[in-house]
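Below is one structure, written out as structure tokens, with a few remarks after it.
For this chain, numbers begin at 1 and follow the sequence in order.
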Amino acid sequence: YLRYTPDQRAIVIANFERDRILQSVIQLPADFLSGLKTTKNIQFREILTGKTFTVADLAQGIPVNVATTDAWILTF
């Protein structure tokens with residue numbers, strides 16, 4: 001789930017599986033990416049844990065590894 005305004009962007013990724021980790025690369029829509037000032041070296045913050053990570057190029061997607069019955073809420 002992607003939600004954004006001119007001032008804030010959030011992505012919610014949920015893993016409802018009880019026996020499988022979600023390992024994937026989340027691709028964002030091209031029309032969303034074209035509206036960003038840059039897609040390079042984007043820092044994400046996972047608001048449930050406060051952890052941060054950087055994605056070198058959003059056009060290549062966001063790699064995720066979400067534990068069973070867990071969720072990430074990312075802001076950037």
Side-chain angles (χ1 to χ4, degrees):
Y1 175 76
L2 170 66
R3 176 155 174 108
Y4 59 95
T5 67
D7 301 321
Q8 187 178 32
R9 297 170 296 272
I11 299 172
V12 178
I13 305 161
N15 181 6
F16 297 105
E17 295 285 341
R18 293 181 180 197
D19 59 353
R20 194 170 22 161
I21 294 171
L22 172 63
Q23 294 178 318
S24 188
V25 177
I26 306 298
Q27 300 294 330
L28 298 175
D31 61 331
F32 172 76
L33 293 174
S34 67
L36 298 176
K37 293 179 184 174
T38 183
T39 60
K40 306 291 185 191
N41 298 315
I42 304 297
Q43 184 173 26
F44 286 84
R45 179 175 175 266
E46 202 292 306
I47 64 171
L48 298 175
T49 64
K51 294 180 181 178
T52 62
F53 65 94
T54 301
V55 172
D57 185 359
L58 274 185
Q60 300 301 312
I62 305 165
V64 298
N65 187 2
V66 182
T68 58
T69 63
D70 199 5
W72 287 7
I73 301 174
L74 304 174
T75 59
F76 65 104

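- Note: Phe44 and Phe53 have parallel aromatic rings, judged against thresholds of 30 and 60 degrees for the angle between ring planes.
- Val64 and Leu48 are assigned to two separate hydrophobic clusters, defined by single-linkage of ILVMFWY side chains at heavy-atom distances under 4.5 Å.
- Under a 3.5 Å cut-off, the side chain of Asn15 and the backbone N or O of Ala67 do form a donor-acceptor pair.
- Residues Gln23 and Asn65 meet the side-chain proximity criterion, which asks for heavy atoms closer than 4.5 Å.
- Closest of all the heavy-atom pairs between Gln27 and Gln60 is NE2-O, 3.3 Å.
- Side-chain contact check for Glu17 versus Thr69: every heavy-atom pair is 4.5 Å or farther apart.
- Leu33 approaches Leu28 most closely through the heavy-atom pair CD1-O, 3.8 Å.
- Tracing side-chain contacts under 4.5 Å through hydrophobic residues (I, L, V, M, F, W, Y), one never reaches Ile73 starting from Ile26; they form parts of separate clusters.
- Across Leu36 and Arg9, no two heavy atoms sit closer than the pair CD2-CD, 3.9 Å.
- Closest heavy-atom contact between Pro63 and Val55: CD-CG2, 4.3 Å.
- Between Leu2 and Pro29 the shortest heavy-atom distance is CD2-CD, 4.1 Å.
- Shortest non-hydrogen contact noted between Ile11 and Ile13 is CG2-CG1, 3.8 Å.
- Residues Val25 and Leu58 are members of separate hydrophobic clusters, defined by side-chain heavy-atom contacts under 4.5 angstrom among Ile, Leu, Val, Met, Phe, Trp and Tyr.
- Atoms CD and CZ, from Gln8 and Phe76 in turn, are 10.5 Å apart once rounded to the nearest 0.5 Å.
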Criterion side-chain contact (heavy atoms from CB on, under 4.5 Å) on Thr68 and Arg18, from CA distance to verdict: CA-CA 5 Å; Thr68 58; Arg18 293 181 180 197; 5.7 Å; no
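- Atom NZ of Lys40 sits about 3.5 Å away from atom CG of Asp57, to the nearest 0.5 Å.
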